[in-house]
Amino acid sequence: MSAPEVYEVPQQGPVDAGAALAEDRRAGEALWRVALRRLVRNPAAILGALVVVAFVLVALLAPVIAPFGPGELPGRADVRPTFIPGPSADHPLGIDRYGADLFSQLVWGARASLLIGVLATLLGLAGGMLLGLVAGTFGGWVDSAAMRLVDLMLAVPSLLLAVSIAAVAGQSPSSVVLAIGVVQVPVFARLLRGSMLAQKGQDYVLAARSLGLSRRTVTMSHVLPNSVSPVIVQATLLLATAVIEAAALSFLGLGGGSPTTAEWGRMLVAAQNELEIAPRLALWPGICISVTALGFTLFGEALREALDPRSRRR
Amino acid sequence: MTRLILRRLALLVPTLLGLSVLLFLWVRALPGGPATALLGERATPEAVARINQLYGFDRPLPQQYLTWLGQLLQGNFGVSTRTGRPVLDEFLARFPATIELSLLGLLVAVGLGIPLGYVAARRQGRLVDHAAVVASLLGVTIPVFFLAFLLKWLFAVQLGWFPSAGRQSSAMIATHPTGFYVLDGVLTREWDASWNALTHLVLPALALGTIPLAIIARITRASVIDVQHADYVRTARAKGLSGPHVRGRVILHNAMLPVSTTIGLQIGLLLSGAVLTETVFAFPGVGKFLADAVFDLDYAVLQGFILLIAVVYALVNLAVDVSYGLIDPRMRTR
């Protein structure tokens, strides 16, 4: 018979809440550092990031890149009722029905799309995170009330909800931003709440609570930072949706502005009547919308894979 | 199962009541108030005052709401300012068209999406798989109205294979006992009318079905990849079950649960997409009428149609939930 093994009981020093916090922060950093390393290795992520960067640069540098201003109609004299001039040296993509330079319109349209997409997503993010945070923190009847509101918003198909909001807010770019933002609120709210509930059951939260940290500290510096990554991923993906929905709303005539406003959705509507004589007028803005949405989707999905511990094994 | 359905139906009531409150307040929030909704934007102040008195818009809000709710329950959804006809009649007249279109769109999505996803998963990492992944990614990011444009331009304008607009050629004289044009032709044995309606449906249904198709293909692929390495699949193989039995009854059946959830989620996308697709193809369905109502600010139609669509949407979602029970017996007890 062998002697019974003696296990050494680890000596426990006094618990240092500050050190635990610092440890937590390091783990948080590591998550994002690992994610970044995985992103750089993923060709789809690189492609997506390139498209996004190109789109943002074009939008920001529109005055430098576009040969003509957003309202200028340099080719007005050349347009005939049955003929719209195609590409030429002055106008690489040709001109539209009103005589505006198509290339310039597309460049200015990128700016409009970026502005509407980013503002709408920020609005949805702010509203959704607030609602999700309140629901996830307080639980109980607050949670129930918030989730019933979310259910209500999800009871109408998203585009119809956006249409009804934009119809009340009036036909303008800002009402498009409002409409798309509000439609995104329930998505973010649900995601953050679900993610927070999952985190709340974790041991580290119990540990933080038993250290005597206040509910606010536990929520704001432990639960929330560990719950936001799915929300950030979703925001990237919803930027793609926002660009498409913005175009859809102006396609339905809710974007406001004149027929010559440089906005991709509006350009598509205008092109509808010229489908037989100049299909390129529809083709280019459509390609711009698709490529931009593709860029955000590729990047968002790569980000999700990079942040998701379950997908790391694959 | 019956209890599940009854409970879900009961849960529907507060949601729809909440929605009706929002829609009621929505019309009150309009610049000019509900009188504008009835008379349109160009109403004179005298007419507005008369309407306010006639319909009781000057009474307290809760009282107005209850009156309006009572009318809704009697099927009175107001009158379209554009056509002068009751909103409910307009909806019912156009709803079969949208159902026809959505069903065919869903058929395209499910009928192509599931096989595509399955084949891609079985050939994971090969060319077929990569092609399917890229195609489904493109399918998700292309706006439905742009896709509709492309299809219309290529197959209707350039090639002339399919009609570019409408539900049936105007020269076609056909009777419509049900309002479902394809079905009507079959019932009345007017085969050419049925065929004609079907050719009008092809392009819009393709446009409408492509995005759900891409999503369904992606989920099917991911789900089959997950399931085919599960322990019970290995067990089934070890037991000596035949290849087709393992693939069909074990892998595909188990992989279908997330897919059926996804199919359910596509209903909203189909209804949203119908607004845009019907607009591009001048297809006289609920979506086109709604888009026109947006254009003309026909608020009575917007209010009524959104409420009715929400009811349809909720009922379809309920049906989808119930169908899970058929696929996964574990869901029946919940």
Side-chain angles (χ1 to χ4, degrees), chain A residues 44 48 148-149 151-171 183 237 240-241 243-249 251-254 264-265 268-269 271-272 275-277 279-283 285-298 301 314, chain B residues 11-12 14-19 21-23 26-27 29-31 133 137-138 140-147 149-150 152-154 156-158 164 225 267-276 279-280 287 290-297 299 302-303 305-307 309-311 313-314 317:
Chain A
R148 288 299 79 74
L149 184 66
D151 284 348
L152 215 58
M153 293 172 86
L154 292 173
V156 183
S158 62
L159 184 72
L160 295 187
L161 184 61
V163 162
S164 44
I165 294 167
V168 153
Q171 297 166 344
V183 168
L237 292 172
T241 318
V243 168
I244 294 178
E245 280 191 349
L249 288 182
F251 180 77
L252 291 173
L254 287 164
W264 293 343
L268 259 175
V269 193
Q272 199 171 7
L275 209 54
E276 279 169 47
I277 54 171
R280 67 193 161 78
L281 293 179
L283 203 59
I287 289 175
C288 286
I289 299 170
S290 305
V291 168
T292 308
L294 184 68
F296 281 111
T297 307
L298 278 177
E301 289 192 345
R314 284 179 203 153
Chain B
L11 278 174
L12 205 62
T15 307
L16 289 177
L17 275 180
L19 193 66
V21 172
L22 284 189
L23 280 170
W26 176 73
V27 167
L30 291 173
V133 170
L137 196 62
L138 286 178
V140 179
T141 52
I142 196 166
V144 57
F145 49 97
F146 179 50
L147 186 67
F149 261 142
L150 288 181
K152 183 175 166 180
W153 176 70
L154 184 62
V157 177
Q158 289 296 309
S164 65
I225 287 177
I267 309 294
L269 204 62
L270 282 174
L271 288 173
S272 290
V275 178
L276 299 163
T279 306
V280 173
L290 196 69
D292 292 344
V294 170
F295 211 74
D296 293 339
L297 299 178
Y299 294 108
L302 283 177
Q303 192 185 30
F305 271 42
I306 287 173
L307 199 57
I309 289 175
V311 174
Y313 188 40
N317 276 332

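Values below: all heavy atoms of this structure, side chains included; hydrogens, waters and symmetry mates excluded. Keep in mind it's a predicted model, so treat the numbers as computed, not measured. Proteins get letters first, then strands, A, B, ... in listed order; numbering begins at 1 in each.
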May I have the step-by-step check of side-chain contact (heavy atoms from CB on, under 4.5 Å) for A:Ile289 and A:Leu268, ending in yes or no?
-> CA-CA 10 Å; A:Ile289 299 170; A:Leu268 259 175; 4.0 Å; yes
Which bit of B:Ile306 comes within less than 4.5 Å of chain A, counting heavy atoms only: side chain, backbone, both or neither?
-> side chain
Relative to chain A, which segment of B:Ile267 carries a heavy atom at a distance below 4.5 Å: side chain, backbone, both, or neither?
-> neither
Select one option (side chain, backbone, both, neither) describing which atoms of B:Leu23 are under 4.5 Å from chain A's heavy atoms.
-> neither
CG (B:Leu302) and CG (B:Leu307) are apart, to the nearest 0.5 Å, by 12.5 Å
If you look at every heavy atom in A:Ile244 and A:Ala293, which pair is closest and at what distance?
-> CD1-CB, 3.8 Å
So B:Phe145 and A:Phe251, would you call those rings parallel, tilted or perpendicular, with 30° and 60° as cut-offs?
-> parallel
Distance in Å, B:Asp292 CG paired with A:Leu252 CG, rounded so as to fall on 0.5 Å steps | 10.0 Å
Residue A:Val163 versus chain B: region with a heavy atom under 4.5 Å | side chain
From the list B:Leu138, B:Val144, B:Val280, B:Leu150, the residue making the most non-hydrogen contacts under 4.5 Å with chain A is B:Val280
Residue part contacting chain B, namely of A:Glu245, when any heavy atom lies under 4.5 Å | neither
Measure the CD1-CG distance between A:Ile287 and A:Leu294 for me, rounded to the nearest 0.5 Å.
-> 12.5 Å
Residue B:Val311 versus chain A: region with a heavy atom under 4.5 Å = neither
For chain A, which of B:Leu137, B:Leu271, B:Leu270 has the most heavy-atom pairs under 4.5 Å?
-> B:Leu137
Relative to chain B, which segment of A:Leu154 carries a heavy atom at a distance below 4.5 Å: side chain, backbone, both, or neither?
-> backbone
Answer with side chain, backbone, both or neither: which region of B:Leu290 has an atom nearer than 4.5 Å to a non-hydrogen atom of chain A?
-> side chain
Atom pair CG/OG1 of A:Leu159 and A:Thr241 - distance to nearest 0.5 Å = 12.0 Å
Is it the backbone or the side chain of B:Leu276 that comes under 4.5 Å from a heavy atom of chain A, or both, or neither?
-> both
Would B:Val21 and B:Leu17 count as a side-chain contact (heavy atoms from CB on, under 4.5 Å) if you check the C-alpha gap in whole Å, the side-chain angles of each, and the deciding distance to 0.1 Å?
-> CA-CA 6 Å; B:Val21 172; B:Leu17 275 180; 5.7 Å; no
If you count heavy-atom pairs under 4.5 Å with chain B, which of A:Ala166, A:Ala240, A:Ala248 comes out on top?
-> A:Ala248
For A:Thr297, is it the side chain, the backbone, both, or neither that has a heavy atom closer than 4.5 Å to a heavy atom of chain B?
-> side chain
Checking B:Ile142 against chain A: side chain, backbone, both or neither under 4.5 Å from a heavy atom?
-> both
With rounding to the nearest 0.5 Å, note down the distance linking CG in A:Leu283 to CZ in B:Phe149.
-> 11.0 Å
